[in-house]
Structures are given as C-alpha cells and as structure tokens.
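Just so you know, these numbers come straight off a predicted model, no measurement behind them. Lettering of chains follows the sequences in order, A, B, ..., and the numbering in each one begins at 1. Computed from heavy atoms alone, side chains included, the values below leave out hydrogens, waters and symmetry copies.
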Amino acid sequence: MSTTVRTRFAPSPTGHLHIGSARTALFNWLLARHTGGTFVLRVEDTDAARNTEASRDAIFSGLKWLGMDWDEGPQVGGDYGPYFQSERNEIYDRYLAQLEASDRAYKDESGATRFRMPDQPITIDDLICGSQTINLKEQGATRWDAKLKKDVAANPDLVIRRADGSYIFHFVNVVDDIDMKITHVIRGEDHLSNTPKHAALFEALGAPLPIFVHIPLNLNADGSKMSKRDQGASITDYIEQGFLPSAVCNYIALLGWSPKDDEEIFSLEKLIKRFELSGINRSNSRFDFKKCLWLNGEHLRRLDADELLQKSTPFLTEKNIPLDDPRLPAALQLIRERAETLDQIPAGIAPIFSADIEIEEKALAKISGRKNITDVLQGLHHSFADQSDWSEENIKASIVATAEKLELKMGALMLPCRIAATGKAGGPDLLPLLVLIGKNIVLDRITQLIAKL
RNA sequence: GACCCGUUCGUCUAACGGUUAGGACACCUGGUUUUCAUCCAGGCAAUAGGGGUUCGAUUCCCCUACGGGUCGCCA
C-alpha cells in the first residue's frame with residue numbers, strides 16, 4: 001500500500017473566507033476524503049500586523065458551514081502541531097539551523113536571513129501545468145520595478161527570516177509541508193511561479209517534493225480578477241442569501257473540475273465519491289451566479305422536510321414567521337418548489353402567517369383596469385362565504401361556479417383571487433395556499449381589495 | 001518588461017488524431033398544470049487567428065492575438 005494522502009488548507013487569516021479559497025480547501029478536502037487520507041488545517045499567521053482573530057473565526061466557521069471538517073488543526077489538535085504558524089518558531093529555528101549548518105543560508109548586512117539560491121536549473125512537475133525548469137539564480141538577479149517600469153538589479157537569494165526574527169511565507173510554508181508530511185499541495189495557480197523556489201528549499205532541507213497541483217483561478221463574470229469586494233466573493237454572502245452549503249460546494253467544485261460525464265448535481269458524499277485529480281482542468285473559469293442559483297434550487301428540492309425546516313429556520317425567524325404554527329410544514333412544502341434560495345421562503349409564505357398584507361402596486365395594476373373586477377371579487381366572496389368546509393375542492397368549486405356565473409374562464413379569476421389573498425401576482429400554488437390562509441382571512445382580504453379599487 | 005500558465009456555444013464543461021463537436025445554466029418557442037412555479041419537448045449558440053505535422057486535426061508543434069499569474073523582509 002502506498003503512503004496515505006495528506007493534504008492541507010493553509011489560509012492566512014487576514015479577511016473573510018474567499019470563495020476561491022473555499023474551493024482550494026474543498027479540493028484538498030475532497031482528495032483526502034476520497035482517498036481515505038488526512039486533511040490538515042494550518043493557519044498561516046506569520047504576518048502579525050495583518051492577522052485578526054475575527055478573520056480566523058470567519059474562516060473556521062465558513063469551512064464548517066460548507067461541510068468541511070479537518071482531521072488535524074486548530075480545535076482538534078494532531079500529531080504535527082501546533083497548527084498556527086505563529087506558535088511554531090522553535091520548529092522553524094531548527095530547520096533554519098539545518099540550512100545554516102550546510103551553508104545554504106546566511107545573514108545579510110541588514111540582519112535578515114537569506115536562503116542561498118542554487119545556481120542550477122530547478123525542475124518541478126505539476127500535475128496540472130506540466131513540468132517546468134528554471135534557473136532561479138539567473139532569474140532572480142533582476143527584479144521588475146513596477147514604478148520605474150524596468151528591471152533593476154536584485155539579490156536572488158530569498159529572504160526567509162526578517163531581522164526581527166519573524167519568518168517569511170516561502171520558508172515556513174515549505175518547512176510545515178515537510179514537517180506535517182504533506183503529500184499533495186493543491187493550491188491556486190497564483191503560486192505556480194513560486195514553486196521552483198519552494199522546490200529549492202525542499203532540496204536544501206533534504207526532503208522529497210510533494211505532488212504539486214496548481215488549480216486554475218476563478219474570475220468574475222466579466223473576466224476580471226475576483227477581489228474581496230466583488231459580488232459572491234465572500235462565503236458569508238452565500239450564507240446570508242440563503243444558499244445551501246451542499247449547493248455552494250457543488251457549484252465551486254464544478255469550476256475547474258469535471259466528473260467527465262453529464263452528471264452535475266452532487267451531494268457532498270457524491271463529490272467525495274467522484275472526485276479525482278485527473279478531472280481538474282487547466283483553464284481559469286468565471287462565476288455564473290444564475291447557474292449557482294439554479295443548482296441551489298435543485299438542492300433545495302432534494303431536502304427532506306426536516307432538513308428544509310432546519311435550514312429555513314433562521315430566515316423564518318428573521319421575518320417573524322412562527323416556527324410552532326401547525327401550518328408551517330405544509331407551507332414549506334408549497335414554497336420549496338419555487339424558491340431558489342432560503343431567503344425567498346419567508347416572503348412566499350408570509351401571507352399565511354401575517355395579519356396584514358401589502359398589495360404590491362405592480363400586481364394591483366394588472367387587475368385594476370379590468371372592467372368586471374369588482375364583480376369578480378364580490379362573486380368570489382359570496383361563493384367562498386357559503387363554503388362550510390374550506391377545502392381545496394370546495395374552493396375550486398367556488399371559483400368555477402363564480403366563473404360560470406360571470407361567463408369567464410376560471411383562469412380569469414385566479415389572478416384577482418391571488419392578489420386579494422396575498423398581495424402578489426405570483427407565488428405558491430393558489431388553492432392549497434388559500435386553504436392555509438383560512439377562510440375568514442381570505443374573505444376579509446377580498447373585502448379590503450374591493451374597497452381599494 | 002521578463003518568465004510561466006491558459007484559450008471549445010454568452011457561462012460552466014465533454015470529446016485523451018477519425019463525432020452531424022455532446023451535456024448543463026442562461027435565453028427563445030411550444031406543451032402540461034384552467035393560477036404561479038416545477039415539469040416535458042424543441043430552438044439559438046463554440047473549437048481565437050495564421051502556419052505546419054498527418055490520409056485525417058478541437059486534439060500534436062510553431063508564431064501572433066487575447067486572458068490570467070509571478071517577479072516583496074504579503075501570504
């Protein structure tokens with residue numbers, strides 16, 4: 001048996017959990033789960049000035065919300081800790097001593113420690129991008145100055161420790177991957193160009209290279225780079241808008257990875273089963289929120305009643321919809337067929353639970369011009385009032401009877417009836433909705449609408 | 001600017017030299033539901049451009065264009 005897969009997600013806690021980072025985490029997590037390996041969470045907080053506790057918590061809770069757990073890391077521990085880089089200085093000191101002992105690192109005039117870049121070509125193999133060879137000493141001898149817009153002379157030796165003793169990303173990243181026995185480094189393609197440097201460090205530390213997997217980046221819908229402020233960039237956007245974690249995972253998995261067949265609605269379990277590194281493609285992708293929305297609707301419809309209630313609860317509470325109302329389960333079943341996100345649920349079923357409704361102007365405009373609108377509403381009112389058993393069948397019978405009396409088609413009465421009862425032109429299936437609202441309230445609302453016209 | 005990666009319908013993608021270039025979202029049209037949504041059927045729509053290699057290129061090679069990335073004592 002080959003060695004067990006160990007992957008890691010190594011976020012820097014300097015902001016919220018970005019959707020692109022979430023996807024990187026997901027790919028690492030999926031590979032570990034697919035292969036029965038280990039998923040490690042490591043917090044890269046070596047930049048004390050930019051790290052915040054709030055950000056760290058947002059990342060943890062974001063991962064958990066998405067459904068990802070970690071086998072080693074903060075909160076759960078593990079054999080290769082600590083899992084905060086800020087607590088690993090002794091380990092870094094030890095590895096640094098190793099480099100210094102072999103004269104691969106030295107202190108420069110400013111007091112910072114530099115890694116002596118080897119003067120020979122370094123070749124890395126990337127599972128996605130192929131192999132590439134580069135001479136870092138040659139290429140590092142100049143540096144692009146963005147302001148001057150030209151190359152300037154530079155020291156090719158990599159700074160790995162600041163004069164104040166704190167360590168630099170490239171060094172700690174490599175040391176931790178060695179020390180934590182990471183087998184697959186799955187990360188964004190923005191790190192591809194850094195990888196030869198990392199490979200040089202691995203070599204100097206006498207460690208074998210992990211398998212590098214640089215995944216393509218996600219861009220905005222217009223092709224621009226996705227930054228923190230862009231729509232849908234933060235995982236909290238999805239939480240607040242009522243997306244389901246499984247749908248978000250499903251969608252981001254499909255950005256850059258393909259099962260190679262026509263299946264595309266995946267639960268987390270199914271993703272684990274199907275995920276293969278060979279299904280990752282090479283080109284950047286753009287976000288398509290409409291497809292994400294569609295996928296969310298699909299996941300919403302697959303929820304069982306209990307899950308639906310549980311997922312909807314925060315959104316219902318926010319809009320003061322009573323959780324203990326016996327009509328709620330039926331209402332949720334009614335609305336779930338046409339909701340794409342959880343936050344669309346309360347508005348759709350609010351007419352059942354709130355005493356007052358607001359008549360939308362657009363809706364009103366659709367019927368206010370009709371000649372016989374008052375007759376229609378009065379006819380419905382009379383016929384409804386006569387029903388002693390407020391059932392779907394009887395309501396339908398009332399509508400049909402009223403339509404015949406007025407020499408109209410049943411369809412012509414549905415919209416006025418809907419607007420009277422809910423204030424909206426669209427919504428859940430009307431007959432069961434009327435049942436749930438209740439006879440007396442429906443009658444009152446018809447009366448109120450007549451008064452308005 | 002140098003180096004690196006990429007480029008199939010508007011978008012996500014399939015097709016590991018031979019397909020009428022497939023699927024999905026979006027969009028459009030019809031049907032079902034006497035409402036709304038679902039659903040069903042159909043339609044629109046792509047190999048960036050130019051050279052090779054080959055009997056045959058979406059597929060392999062080169063050039064150009066475009067997009068993205070890297071070039072920090074940020075991660």
Checklist entry - Within less than 4.0 Å of OP1 or OP2 of B/rU38, is there a side-chain N or O belonging to A/Arg301? => result no
- Query: Under 4.0 Å between a Lys/Arg side-chain N and an Asp/Glu carboxylate O for A/Lys366 and A/Glu360?
  - Reply: no
For nucleotides 22-30 of chain B, 5' to 3', base contacts (B), sugar-phosphate-only contacts (S) and non-contacts (-) with protein non-hydrogen atoms under 4.0 Å give -SBBS----
Atom pairs under 3.5 Å: protein N/O with N/O of nucleotides 2-5 of chain B:
residue: B/rC3; atom: O2'; partner: A/Gln139; partner atom: NE2; Å: 3.3
residue: B/rC4; atom: O2'; partner: A/Gln132; partner atom: OE1; Å: 3.4
residue: B/rC4; atom: O2'; partner: A/Gln132; partner atom: NE2; Å: 3.4
residue: B/rC5; atom: O2'; partner: A/Glu189; partner atom: OE1; Å: 3.3

Across every strand shown, the nucleotide meeting Watson-Crick or G-U wobble geometry with B/rU32 (both distances under 3.5 Å) is none
- Item | Below 4.0 Å: OP1/OP2 of B/rA75 and any side-chain N or O of A/Asn173 | no
note: A/Leu293, atom CG; B/rA37, atom C1'; distance rounded to Å ~ 14 Å
Answer for the Watson-Crick or wobble partner of B/rC27, both distances under 3.5 Å, is B/rG43
A/Glu337 atom CD is separated from B/rU38 atom P, nearest whole Å, by 10 Å
Here the distance between atom C1' of B/rC74 and atom NE2 of A/His170, to the nearest Å, is 9 Å
**Message:** Could you check whether A/Asn296 and A/Thr341, counting side-chain N and O atoms only, form a donor-acceptor pair closer than 3.5 Å?
**Reply:** no
By side chain to side chain contact (heavy atoms under 4.5 Å, CB included), A/Ser61 pairs with (sequence neighbours left out) none
Using Watson-Crick geometry (N1-N3 plus N6-O4 or O6-N4) or G-U wobble (N1-O2, O6-N3), each under 3.5 Å, B/rC9 is paired with none
If pairing means Watson-Crick or G-U wobble with both distances under 3.5 Å, then the partner of B/rU59 is none
Applying side-chain hydrogen bond (donor to acceptor under 3.5 Å, both in side chains) to A/Arg162 and not counting sequence neighbours gives A/Ser166
Whole-Å distance, A/Arg286 CZ to B/rA46 P, equals 17 Å
* Mind checking A/Gly256 for me? I need base, sugar-phosphate or nothing, with any heavy atom below 4.0 Å counting as a touch. => sugar-phosphate
For A/Asn284, which contact category applies under a 4.0 Å heavy-atom criterion: base, sugar-phosphate, or nothing? sugar-phosphate
Under a 3.5 Å limit on both distances, the Watson-Crick or wobble mate of B/rA2 is B/rU70
| Do the ring planes of A/Phe384 and A/Trp390 sit parallel (below 30°), tilted (30 to 60°) or perpendicular (above 60°)? | perpendicular
- Item | Sugar-phosphate only, base, or nothing, as touched by A/Ser110 at under 4.0 Å among non-hydrogen atoms | base
Between A/Ser258 and A/Gly111, the residue closer to the 5' end of RNA chain B by nearest nucleotide is A/Ser258
- Can you tell me, in whole Å, how much space there is between the P of B/rC73 and that of B/rG67? 29 Å
Exercise for review: Looking at every strand, decide which applies to A/Lys260 at a 4.0 Å heavy-atom threshold: base, sugar-phosphate, or nothing.
Suggested key: sugar-phosphate
When rounded to whole Å, the CD1 to P distance for the pair A/Ile345 and B/rA37 reads 18 Å
Of the candidates B/rC73, B/rC12, B/rU34, the side chain of A/Val400 sits closest to B/rU34
A/Asn218 CG to B/rU11 C1', in whole Å, measures 13 Å
Assert: residue with more 5' nearest nucleotide on RNA chain B, out of A/Leu219 and A/Ile168, is A/Leu219
**Report entry** Side chain A/Arg116, main chain A/Asp157, donor-acceptor under 3.5 Å
**Finding:** no
In Watson-Crick or G-U wobble terms, with both distances under 3.5 Å, the base opposite B/rC16 is none
Hits for side chain to side chain contact (heavy atoms under 4.5 Å, CB included) against A/Asn250, two or more places apart or cross-chain, chain-then-number order -> A/Leu254, A/Ile265, A/Phe266, A/Leu295, A/His299
Exercise. Assign A/His191 to base, sugar-phosphate, or nothing according to its heavy-atom contacts below 4.0 angstrom with the strands shown.
Key: base
Residue set satisfying side-chain hydrogen bond (donor to acceptor under 3.5 Å, both in side chains) with A/Asp108, at least two apart, ordered chain then number -> A/Ser110, A/Arg114
Whole-Å distance, A/Phe266 CZ to B/rC12 P, equals 18 Å
Next on the checklist: If I pick the C1' atom on B/rU59 and the same atom on B/rA26, what distance separates them, to the nearest angstrom?
Outcome noted: 28 Å
- Message: Does either side chain, that of A/Arg187 or that of A/His214, offer a donor lying less than 3.5 Å from an acceptor on the other one?
- Response: yes
note: A/Asn194, atom CG; B/rC74, atom P; distance rounded to Å ~ 13 Å
Exercise for review: Answer with base, sugar-phosphate or nothing: what part of the nucleic acid does A/Asp164 contact at a heavy-atom distance below 4.0 Å?
Suggested key: nothing
Scan A/Glu298 against the nucleic acid and name what it touches under 4.0 Å (heavy atoms): base, sugar-phosphate only, or nothing. sugar-phosphate
Aromatic ring pairing A/Phe84/A/Phe60, orientation class (parallel under 30°, perpendicular over 60°, tilted between):
tilted
After noting the C-alpha distance and the side-chain angles of A/Tyr167 and A/Asp93, does the key distance pass the side chain to side chain donor-acceptor pair (under 3.5 Å) rule?
CA-CA 9 Å; A/Tyr167 287 93; A/Asp93 290 345; 2.4 Å; yes
